[in-house]
Amino acid sequence: MHKSRKFSLRQFFLYGTLTRTVYKDISQLMSEENNSTLNGVAIMTTVFGALLSLLSFFGVLKHHVLPAYLFLFFSSLLLVILRKIFRSPGFKLSYFICFFQSLALLTFGILNSAIFAPSKDSNGTIFVVVLLVVPLIFTDVPSRLIPLLLVSSTVYCLLIRHFKAPSVVALDTVNTIFVFFIACVCNWIFATRNMRNLANRLYIEKERDTDFLTGLLTKQSARIITTAELSHGSSGVFVIIDLDDFKKVNDTYGHLYGDEVLVKVANCIKQNTRRTDVVARFGGDEFTIFFPDMDVSVVERKISDLFTTIDKTFADEKVHITCSVGIKSVSQGMEYDSIFNAADSALYHSKRSGKNRFSISDSPSAMGEGTTA
């Protein structure tokens, strides 16, 4: 029992009650959510920092606090600029920017409430507010966020002994400790809830975009992804695969066995494609693949390898499965529908030519051909 409890606490501290695998799956999505939220915060604090700096400079607010307001303005402005420069940052860079922003906000709280406080008798309201707000706007696991809050609180409590009047030190220290624990609870509640929501959202998206039988992409999601690749100037090769005489398999051995055949063929396709390839079950016994940044000659070898893999997979089965393939080379600027239609024409050329082979569509009037031999 003790070991189980220890593991669950460790898991919460490291992954926010999620498993390590699920946490890794949602990391990029969590980073994007944090980046979007904190970008809005950075814009707002830039405006407020500028306004407070002007009011302090012209004497409306205490001039002594001006360095804290300037720090808020310039640090926030830097974060806005960084996000403009890195419009699509990777996970590590995005996390660094978000973490730096949380640190900058806490530093502003320390500057405003301790080092450049309006007076030695003023309380640390700004710091404890920032301490409480950070866990609400920045979703992160306790193993990273709680140490940041702890170090900031400790530094603040040490600094007020030097910069504040003795009469307010004790009260400020107690308030800081109290709010620190509340912030930890907020981190536990909001981070856990947000990460579970992200995990559920990711699961729903995967369910929507993934064919339940084969685990490949659906026709709709493959089209969206391929179209996006094409819009970004990608070239490559598009392939349509159709199983030969698959209707006879269903009619003779039943649809359950037919489903087993489809799963095995999908696994054969996975073995002969890369993680970056867009592989989908188009419908029934038909599959599509988009090979980004790959030459037709390489795809020809891959399709030949696929034929061999399928042949070996079904060598001891009660049916011998073969497939026909249509291949279309993709250049920059081409439309998905025209690519699909050309590959589909090549596929039917393979069917008419005897099946169990591939055909290459170079143009409407030219057709290359290959077989399993």
Side-chain angles (χ1 to χ4, degrees), residues 209-211 213-247 261-262 265-311 321-373:
D209 297 339
T210 304
D211 176 61
L213 180 64
T214 61
L216 301 177
L217 293 172
T218 61
K219 173 175 69 175
Q220 293 84 355
S221 56
R223 180 188 180 106
I224 291 170
I225 295 171
T226 303
T227 302
E229 291 272 2
L230 296 173
S231 68
H232 286 92
S234 292
S235 58
V237 179
F238 187 81
V239 171
I240 302 178
I241 302 168
D242 188 86
L243 303 189
D244 296 326
D245 303 315
F246 183 72
K247 186 176 183 300
V261 169
L262 291 173
V265 171
N267 289 335
C268 293
I269 294 173
K270 291 175 186 176
Q271 292 175 35
N272 291 278
T273 51
R274 307 166 297 179
R275 290 177 61 87
T276 53
D277 299 330
V278 185
V279 186
R281 181 186 176 198
F282 189 79
D285 61 327
E286 203 166 49
F287 303 86
T288 62
I289 310 171
F290 176 58
F291 295 94
D293 305 316
M294 189 175 287
D295 295 330
V296 171
S297 59
V298 179
V299 173
E300 286 185 55
R301 293 196 295 272
K302 281 188 168 290
I303 296 303
S304 296
D305 291 341
L306 174 62
F307 284 142
T308 302
T309 305
I310 292 175
D311 193 52
I321 298 297
T322 62
C323 61
S324 299
V325 178
I327 301 174
K328 172 61 181 173
S329 178
V330 178
S331 303
Q332 291 184 2
M334 296 183 70
E335 296 290 333
Y336 179 86
D337 288 341
S338 63
I339 295 167
F340 184 90
N341 290 334
D344 201 38
S345 298
L347 168 64
Y348 280 101
H349 184 273
S350 296
K351 294 284 189 182
R352 290 192 299 268
S353 300
K355 302 178 182 178
N356 192 26
R357 65 189 64 226
F358 64 83
S359 299
I360 303 171
S361 172
D362 294 322
S363 67
S365 60
M367 195 75 70
E369 186 178 293
T371 67
T372 60

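Position 1 is the first residue of the sequence; numbering continues from there. Since we're looking at a predicted model, the values are computed, not measured.
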Colleague: Over all heavy atoms of both residues, which pair between C323 and L243 is shortest? Give the atoms and the distance, please.
Modeller: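 Smallest interatomic distance, heavy atoms only, reads CB-CD2, 3.9 Å.
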Colleague: Determine whether the side chains of N272 and T309 contain a donor N or O and an acceptor N or O closer than 3.5 Å.
Modeller: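 Yes - a donor-acceptor pair under 3.5 Å links their side chains.
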Colleague: Salt bridge check: are R274 and D277 linked by an N-O gap of less than 4.0 Å?
Modeller: yes
Colleague: Which atom names give the shortest non-hydrogen contact between F287 and T214, and what distance separates them?
Modeller: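 The pair with the smallest heavy-atom distance is CE2-CG2, 4.5 Å.
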Colleague: A side-chain contact here means heavy atoms from C-beta on lying under 4.5 Å apart; do V296 and E300 qualify?
Modeller: yes
Colleague: Is K351 paired with D244 through a side-chain N to carboxylate O contact shorter than 4.0 Å?
Modeller: yes
Colleague: Does the side chain of F291 reach to within under 4.5 Å of the side chain of T276, using non-hydrogen atoms?
Modeller: no
Colleague: If the test is side chain to side chain contact (heavy atoms under 4.5 Å, CB included), which one of I289, L347, V239 qualifies with V325?
Modeller: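 Filter result, single survivor: V239.
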Colleague: So, do V279 and K270 sit near enough that their side-chain heavy atoms are less than 4.5 Å apart?
Modeller: no
Colleague: Salt-bridge test for K328 and D344: reply yes if a basic N is under 4.0 Å from a carboxylate O, no otherwise.
Modeller: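 Judged by the 4.0 Å cut-off on N to carboxylate O distance, K328 and D344 do not form a salt bridge.
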Colleague: For a 4.5 angstrom cut-off between non-hydrogen side-chain atoms, does R281 reach T218?
Modeller: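 With C-beta onward as the side chain, the pair stays apart.
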Colleague: Rounded to the nearest 0.5 Å, how far apart are CG of D305 and OG1 of T273?
Modeller: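 Here the rounded value is 12.0 Å.
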Colleague: Decide yes or no for V330 and V237: does some side-chain heavy atom of the first lie under 4.5 Å from some side-chain heavy atom of the second?
Modeller: no
Colleague: I need the minimum non-hydrogen distance between I321 and I310, along with the two atoms involved.
Modeller: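 What the structure gives for the nearest pair is O-CG2, 3.5 Å.
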Colleague: Of all heavy-atom pairs between S353 and H349, which one has the smallest distance, and what is that distance?
Modeller: OG-O, 2.7 Å
Colleague: Shortest non-hydrogen contact from S361 to A346?
Modeller: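 S361 and A346 have their closest heavy atoms at CB-CB, 3.9 Å.
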Colleague: Determine whether F282 and I241 make a side-chain contact, defined as any pair of heavy atoms from C-beta on separated by less than 4.5 Å.
Modeller: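 Result no, sub-4.5 Å side-chain heavy-atom pair not found.
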Colleague: Salt bridge (Lys or Arg N to Asp or Glu O under 4.0 Å): which pairs involve residues 282-297, sequence neighbours left out?
Modeller: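 Matches after skipping sequence neighbours: none remain.
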Colleague: Kindly indicate, with the supporting measurements, whether the criterion side-chain contact (heavy atoms from CB on, under 4.5 Å) is fulfilled by C268 and L306.
Modeller: CA-CA 7 Å; C268 293; L306 174 62; 4.0 Å; yes
Colleague: Contact between D311 and T322 at the side-chain level, heavy atoms closer than 4.5 Å - yes or no?
Modeller: no
Colleague: Taking ring-ring contact (aromatic ring centres under 6.0 Å, His included) as the test, write out the residues that go with F246, two or more places apart.
Modeller: none
Colleague: Answer whether the closest heavy-atom distance between the side chains of D211 and L217 falls below 4.5 Å.
Modeller: no
Colleague: Keeping the roles fixed (side chain from R223, backbone from S221), state whether a donor-acceptor pair exists under 3.5 Å.
Modeller: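 Checking the backbone N and O of S221 against the side chain of R223, no donor-acceptor pair under 3.5 Å is found.
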Colleague: For the residue pair Q332 and S235, what are the closest heavy atoms and their distance?
Modeller: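 Where Q332 meets S235 most closely, the heavy atoms are N-CB, 4.3 Å.
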Colleague: Parallel, tilted or perpendicular for F238 and F290, by the 30°/60° rule?
Modeller: tilted
Colleague: I'd like to know if the side chain of S350 pairs up with that of S324 as donor and acceptor (distance under 3.5 Å, no hydrogens or angles considered).
Modeller: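 Short answer, no.
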Colleague: Verify whether one side chain among S338 and N341 offers a donor that lies under 3.5 Å from an acceptor in the other.
Modeller: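 There is no such pair (donor and acceptor under 3.5 Å, judged by atom type) between the side chains of S338 and N341.
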